[in-house]
Visitor: 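Input: one structure, supplied below.
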There are 2 protein chains.
Amino acid sequence: MQRVAKSEETRSLIVTTAMRLFTENGYDRTTMRAIAAEAGVSVGNAYYYFSSKEQLIQGFYDEMAGQHLAAARALLDGRPGFADRLKAVLLCWLDVAEPYHRFGTQFFVNAADPESPLSPFSDDSSAAREASIGLMREVVDGSDVKLDPELRDRLPELLWLYQMGVVLFWVHDRSAGTKRTRMLVERSVPLLARLASLSRLRVFRPVSREIVDLIQELGKRD
Amino acid sequence: MQRVAKSEETRSLIVTTAMRLFTENGYDRTTMRAIAAEAGVSVGNAYYYFSSKEQLIQGFYDEMAGQHLAAARALLDGRPGFADRLKAVLLCWLDVAEPYHRFGTQFFVNAADPESPLSPFSDDSSAAREASIGLMREVVDGSDVKLDPELRDRLPELLWLYQMGVVLFWVHDRSAGTKRTRMLVERSVPLLARLASLSRLRVFRPVSREIVDLIQELGKRD
DNA sequence: CAGCCCTCTTGAACACGTTCAAAAAGCGGG
DNA sequence: CCCGCTTTTTGAACGTGTTCAAGAGGGCTG
């Protein structure tokens, strides 16, 4: 089934070329004809390997996720504070993503389509999603934060959702070096950490439980 | 400048026809040629009034916003509870939007593009955005909720953001009658109300202040 | 009325993503 | 070496959003 042969080479040649052109000229301004020509294949051949232009982005997405995971894990080592860990992971994502910000915009637009397999909520993305949530679990578990135990279980998913929010902000961020997004992270992370530890307070407990419950309920697929 | 003449009729004829076809067949499957033909004008003429297919959605957007504003205001009358008011406004939006859910998906995809004038965060949308935030202000001001006064000023914006989140969820909601979104509203609104009143507690105060501050900071344009 | 200008209208043409029937290239067995 | 079979490759053709040069209409001025 999976022969690593000539065909695989062609496949990755196409995706590499596409990525280069996308980052050079943006997604919209890069035509399939240009990608094919640059990769030295015919247009139809590109469509033999990738069912659409959009699908070419998937490779890009995977690569970024891989880079982030590796870099973030390295940063987590020997960092006990919850806020510290979370901030490191998020800023690390911003660093990894920085070169692609211009192009990332277009990427995100496609990803926002619920029908698209590229959507972070789609079934096709579940592997990548699980990996990201797993990273957030490492952030929580490796830290010294004290939490309502029920919240502890669900917190990684919540943090992933929070990260999606940060990404959404980043996509809209036009400031130099996306420094507005960096500020958002710098300032919202301590807030979240504070809220998380407040979760153990008596007055806060019912609210926290209700949140956990709601997330659980919404997590169920239709 | 603004002559209400033949030209205005043509304009609204086109947008009406487009809306009908969009809801009948979906956005993607409706071609500009079909819209023009159905409206009895040439393709080029349609482009004289609307600079793109995407822009035809704007009319739709405005109409929905208007409907929602009117219906929501009626619901707010004689309803003092904050949670009650907020829930009414959101459920009302879901009712107004229901018939367009299928098509709304596509609508949202376009709106997610930060470059697009349709983005809820864009300058072009500022009027509609202000109106929506204004409605949220009515929700807050007309209620008997007790709040940290600084939070009170900023809460409408926060609620608008929250509403955008609900819309995002709604777009991805594939359940019958979008009942998952309804559940989200039913359950998250009381939570928010509780959090809002907790804002007056001493332990919570610094967090609340920090949130208000952050929002203020982020509100500044680049 | 003639000339002029501005608004509005047209449809052919263009660029792009995508499809598809057909050909080419590889490959295993006789 | 040839024959079928699958995998890969091709480029012309299609449908779509969008553009544009050209013209039609209609009112105002001399």
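All chains are named by letter (A, B, ...) in the order of the sequence lines, taking the proteins before the strands, and each is independently numbered beginning at 1. FYI, side chains are in, hydrogens and waters are out, and symmetry mates aren't considered; it's all heavy atoms of this structure.
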Visitor: Just checking, B:Arg102 and B:Tyr27: is the charged tip under 6.0 Å from the six-membered ring centre and within 45° of the axis?
Guide: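 Relative to the ring axis of B:Tyr27, which defines the angle, B:Arg102 lies outside at least one limit.
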Visitor: So, OP1 or OP2 of C:dT9: does either fall under 4.0 Å of a side-chain N or O from B:Tyr48?
Guide: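 Answer no for this pair, as no side-chain N or O of B:Tyr48 is under 4.0 Å from OP1 or OP2.
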Visitor: Who pairs with B:Arg154 by salt bridge (charged side-chain N to carboxylate O under 4.0 Å, His left out), at least two apart in sequence or on another chain?
Guide: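 If we apply the salt bridge (charged side-chain N to carboxylate O under 4.0 Å, His left out) test to B:Arg154, skipping adjacent residues, the hits are B:Glu157.
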Visitor: Considering residues at least two apart in sequence or located in another chain, which fulfil the side-chain hydrogen bond (donor to acceptor under 3.5 Å, both in side chains) criterion with B:Asp95?
Guide: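 side-chain hydrogen bond (donor to acceptor under 3.5 Å, both in side chains) list for B:Asp95, sorted by chain: B:Arg182.
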Visitor: Just report the end-to-end axis angle for the helix from C:dC1-D:dG30 to C:dG30-D:dC1, five pairs per end, to 10 degrees.
Guide: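 Answer for the end axes of this duplex: 30°.
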Visitor: Could you give the CZ-to-C1' distance, from A:Arg11 to D:dT7, as a whole number of Å?
Guide: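 Rounded to whole Å, this separation is 14 Å.
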Visitor: Could you work out, with side-chain hydrogen bond (donor to acceptor under 3.5 Å, both in side chains) as the rule, every residue matching A:Asp62, not counting sequence neighbours?
Guide: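 For A:Asp62, the residues satisfying side-chain hydrogen bond (donor to acceptor under 3.5 Å, both in side chains) (neighbours in sequence not counted) are A:Gln58.
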Visitor: Pull out every protein N or O sitting under 3.5 Å from an N or O of nucleotides 14-21 of chain C, one pair per line with the distance.
Guide:
unit_1: C:dG17; atom_1: OP1; unit_2: A:Thr30; atom_2: O; d: 3.4
unit_1: C:dG17; atom_1: OP1; unit_2: A:Lys53; atom_2: NZ; d: 2.6
unit_1: C:dG17; atom_1: OP2; unit_2: A:Met32; atom_2: N; d: 2.8
unit_1: C:dG17; atom_1: N7; unit_2: A:Arg33; atom_2: NH1; d: 2.8
unit_1: C:dG17; atom_1: O6; unit_2: A:Arg33; atom_2: NH2; d: 2.7
unit_1: C:dT18; atom_1: OP2; unit_2: A:Tyr47; atom_2: OH; d: 2.6
unit_1: C:dT18; atom_1: OP2; unit_2: A:Lys53; atom_2: N; d: 2.9
unit_1: C:dT18; atom_1: O5'; unit_2: A:Tyr47; atom_2: OH; d: 3.3

Visitor: Return the set of residues passing side-chain hydrogen bond (donor to acceptor under 3.5 Å, both in side chains) with A:Asp213 (not counting sequence neighbours), or none when no residue passes.
Guide: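 Listed in chain order: B:Arg187.
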Visitor: Can you sort out the partners of A:Lys87 under salt bridge (charged side-chain N to carboxylate O under 4.0 Å, His left out), two or more places apart, ordered by chain and number?
Guide: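 Per chain and number, A:Lys87 pairs via salt bridge (charged side-chain N to carboxylate O under 4.0 Å, His left out) with A:Glu186.
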Visitor: Between B:Tyr49 (OH) and D:dG17 (P), how many Å, whole number?
Guide: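 The answer, rounded to whole Å, is 20 Å.
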Visitor: Measure from CD on B:Glu9 to P on C:dC8 and round the result to the nearest Å.
Guide: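 To the nearest whole Å, that distance equals 12 Å.
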Visitor: Quick test of your reading: applying salt bridge (charged side-chain N to carboxylate O under 4.0 Å, His left out), list the pairs with at least one residue in residues 27-56 of chain A, sequence neighbours left out, ordered by first then second residue.
Guide: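 The answer is A:Arg20-A:Glu38.
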Visitor: Determine which pairs satisfy salt bridge (charged side-chain N to carboxylate O under 4.0 Å, His left out) with at least one residue from residues 64-75 of chain A, sequence neighbours left out, and list them in order.
Guide: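 Those involving residues 64-75 of chain A are A:Arg73-A:Glu138.
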